[in-house]
Participant: 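The structure that follows is given in the form of structure tokens.
These numbers come from a predicted model, not from an experiment. Along the sequence shown, the residues carry numbers beginning at 1.
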Amino acid sequence: MARGKVQMKRIENPVHRQVTFCKRRAGLLKKAKELSVLCDAEIGVLIFSAHGKHYELATKGYFCPFP
């Protein structure tokens, strides 16, 4: 059984919004890493949360804008 389509709108509940952000961030970083391995591509991903915290992924070590 397939999941229903998610409506693209802002999640009003801050707790639900944070949980969704964490899950989707992890999924995005996983997909980027898989793409890098499968296609031998250099990938750099930079994500900023609503609180200003940053998350990054670099596959070859070339991408690090923040010390």
Participant: To the nearest 0.5 angstrom, please state how far the CD1 atom of I47 sits from the NE2 atom of H54.
Facilitator: 11.0 Å
Participant: What heavy-atom pair brings E12 and R17 nearest, and what distance separates the two atoms?
Facilitator: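 Closest approach of E12 to R17: O-NH1, 3.5 Å.
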Participant: Could you tell me whether the side chain of L29 reaches within less than 4.5 Å of the side chain of K33, counting heavy atoms only?
Facilitator: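 K33 vs L29: side chains apart.
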Participant: For R24, does the CZ atom sit with more than 12 other heavy atoms under 6.0 Å from it, leaving out its own atoms?
Facilitator: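 It does not: R24 CZ has 12 such atoms or fewer within range.
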Participant: Can you list the steps and then say if K31 with L35 is a side chain to side chain contact (heavy atoms under 4.5 Å, CB included)?
Facilitator: CA-CA 6 Å; K31 288 289 187 183; L35 179 64; over 6 Å; no
Participant: Could you check whether any side-chain N or O of S36 sits under 3.5 Å from a backbone N or O of A41, counting only pairs where one atom can act as donor and the other as acceptor?
Facilitator: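 Yes; at least one donor-acceptor contact below 3.5 Å.
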Participant: So, for I43 and T59, which heavy atoms are closest and what is the spacing to 0.1 Å?
Facilitator: N-OG1, 2.9 Å
Participant: Quick one: are F21 and I11 in side-chain contact, heavy atoms under 4.5 Å?
Facilitator: no
